[in-house]
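These notes concern the structure reproduced below.
First the proteins, then the strands, lettered A, B, ... as listed; each starts at 1. Worth saying up front: this structure is predicted, and the values here are computed from it rather than measured.
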Protein chains: 2
Amino acid sequence: MDVTELAAHTPAERRDTRSCLKITQVLSRIGDKWTVLIIILLRERAYRFNELKRSIDGISQRMLTLTLRNMERDGLVTRTVTPSIPPRVDYELTDIGRSLAGPVKILGDWAFEHLGRIAAAQAMFDAKSPDT
Amino acid sequence: MDVTELAAHTPAERRDTRSCLKITQVLSRIGDKWTVLIIILLRERAYRFNELKRSIDGISQRMLTLTLRNMERDGLVTRTVTPSIPPRVDYELTDIGRSLAGPVKILGDWAFEHLGRIAAAQAMFDAKSPDT
DNA sequence: CGGAATCCATGTCGATACTG
DNA sequence: CAGTATCGACATGGATTCCG
């Protein structure tokens, strides 16, 4: 089965989109502000907490914690605590997380490639829209 | 150039992630609640406003309007008004919108394929986490 | 029919402060 | 170092009403 079926013109069309809600939940994690950035970094190697914090410009400690928790909950990353002093926590992509990196990269490349045209479209739209 | 560079271990690493903020903005549109569903529907043909509303279970009039406006602003859809009585408004994917459908489908397929494992991981995580 | 406008509940996020 | 706790600003999204 395949996501394209969601566009089928069957009478049960509305049920199809409802069953898609779980997919939407998964995609919303992709769309959140930081998950993609973390995945891109972890693609290469494991990172420590503050190492991620330093590498991702603008992220707050709180959001890094929350995002990593969610990703851990979804099974995308593993969290490995080394109870040394000072404590050390490493984050690493799981197999699932790594399998997500490919599709995410495709989307990221698309976004990068169309940044200009999207910005242009926005400028056009804003120019036409009634002055605020 | 290529998104993977964002993971480069250069001293300018933090600047790289900053320049990625625009990409994040684009991706956040993918992650929002309805855009993907609309793209999937419009992949096949143009839809009228209420036709979309009926086809997407659970969407409010307000959110459909807002989502379509944003997509129009980004240049993903065209909005065609036919001033008949009653009025008729058709929405259709632009070339950019259509080019986005491919990557979105890949991600959707990934989500669909891993729904089970993600749900399982979440259940595991919740079972282990301290009771609330 | 296809919206716009308003109200309101909830969610998201950053800043700050504190902990083991 | 790697968090947790709390607060408050702001955004998101639903319900409802009105309008051309």
Side-chain angles (χ1 to χ4, degrees), chain A residues 17-18 21 24-25 27-38 41-42 46-74 77-92 125 128-132, chain B residues 17-18 21 24-25 27-38 41-42 46-74 77-92 125 128-132:
Chain A
T17 62
R18 175 174 297 170
L21 286 185
T24 299
Q25 284 183 2
L27 294 187
S28 74
R29 187 117 318 138
I30 309 306
D32 78 7
K33 215 171 172 183
W34 309 110
T35 302
V36 166
L37 258 26
I38 294 177
L41 286 172
L42 292 186
Y47 273 70
R48 297 180 59 175
F49 184 86
N50 271 355
E51 202 177 5
L52 282 172
K53 184 159 161 30
R54 278 191 304 273
S55 300
I56 301 174
D57 191 70
I59 195 170
S60 67
Q61 200 169 38
R62 170 193 164 83
M63 286 318 296
L64 181 55
T65 301
L66 287 179
T67 305
L68 287 170
R69 279 285 178 285
N70 282 329
M71 294 176 70
E72 188 193 359
R73 190 174 108 94
D74 289 349
V77 302
T78 58
R79 178 174 180 270
T80 308
V81 180
T82 307
S84 55
I85 297 182
R88 175 196 181 96
V89 181
D90 289 281
Y91 292 92
E92 194 169 2
F125 185 92
K128 284 184 188 172
S129 77
D131 50 76
T132 49
Chain B
T17 62
R18 174 174 298 170
L21 287 186
T24 299
Q25 284 183 0
L27 294 187
S28 73
R29 186 118 318 140
I30 309 305
D32 79 7
K33 217 172 174 183
W34 309 109
T35 301
V36 166
L37 293 178
I38 294 177
L41 286 173
L42 292 186
Y47 273 69
R48 297 181 59 177
F49 185 87
N50 271 354
E51 203 178 6
L52 281 172
K53 183 159 163 32
R54 278 192 303 273
S55 300
I56 300 174
D57 192 71
I59 195 171
S60 66
Q61 200 171 41
R62 170 192 163 82
M63 287 318 297
L64 181 55
T65 299
L66 287 179
T67 306
L68 287 170
R69 280 286 179 283
N70 282 328
M71 293 175 70
E72 188 192 359
R73 191 175 107 94
D74 289 349
V77 302
T78 57
R79 178 174 181 270
T80 308
V81 180
T82 307
S84 55
I85 297 182
R88 175 196 181 98
V89 181
D90 289 280
Y91 293 92
E92 194 170 3
F125 185 92
K128 283 184 186 171
S129 76
D131 50 77
T132 46

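Side-chain atoms of A:T24 and B:W34, non-hydrogen and from C-beta on, never get closer than 4.5 Å to each other. Under the 4.5 Å side-chain criterion, counting only non-hydrogen atoms from C-beta, A:K53 is in contact with A:N50.
With rounding to the nearest 0.5 Å, the separation of CD1 in A:I56 from CD in A:E51 is 11.0 Å. Note that the OH atom of B:Y91 and the OG1 atom of B:T67 stand 10.5 Å from one another [nearest 0.5 Å]. Taking CG of A:L68 as the reference point, atom CD1 of A:I38 lies at 4.5 Å (rounded to 0.5 Å). Atom CE in A:M71 sits 9.5 Å away from atom CZ in A:R29 (nearest 0.5 Å). Separating the CZ atom in A:R54 from the CD1 atom in A:I59 is a distance of 13.5 Å, to the nearest 0.5 Å. To the nearest 0.5 angstrom, B:D32 atom CG is 11.5 Å from B:L27 atom CG.
Put simply, CG on A:L52 is 13 Å from P on D:dC1, counting in whole angstrom units. Atom CG of B:L68 and atom C1' of C:dG2 are 11 Å apart (whole Å). With rounding to whole Å, B:F49 atom CZ is found 7 Å from C:dG2 atom P. Atom C1' of nucleotide D:dG20 and atom CD1 of B:I85 are separated by 10 Å, given to the nearest angstrom. We find that CZ of B:R69 is positioned 8 Å from C1' of C:dG3, with the value rounded to whole Å. Note: CG (A:L64) to P (D:dG3) measures 8 Å, nearest angstrom. Following rounding to the nearest Å, A:E72 (CD) and D:dA2 (P) show an atom-to-atom distance of 15 Å. The CZ-C1' distance, from B:R29 to D:dA11, rounds to 13 Å in whole Å.
Taking every side-chain heavy atom of B:T65 into account, C:dA4 is the closest of D:dT4, D:dC1, C:dA4. Looking at the side chain of A:R54, the nearest of the listed nucleotides D:dC1, D:dT4, C:dG3 is D:dC1.
Residue A:Y91 places no side-chain N or O under 4.0 Å from the OP1 or OP2 atom of D:dC1. The side chain of A:R79 places no N or O atom within less than 4.0 Å of a non-bridging phosphate oxygen (OP1 or OP2) of D:dA2. Between D:dA2 and A:R48, a contact under 4.0 Å exists linking OP1 or OP2 to a side-chain N or O.
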| note | Reading nucleotides 11-20 of chain C from 5' to 3' and marking B where a protein heavy atom lies under 4.0 Å of the base, S where only the sugar-phosphate is that close, and - otherwise, the string is --BBB-B--B

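Taken over five-pair windows at either terminus, the axes of the helix from C:dC1-D:dG20 to C:dG20-D:dC1 are inclined to one another by 40° (rounded to 10 degrees).
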| When you look at A:F125 and B:D74, which way does the side chain to side chain contact (heavy atoms under 4.5 Å, CB included) test go after all the steps? | CA-CA 8 Å; A:F125 185 92; B:D74 289 349; over 6 Å; no

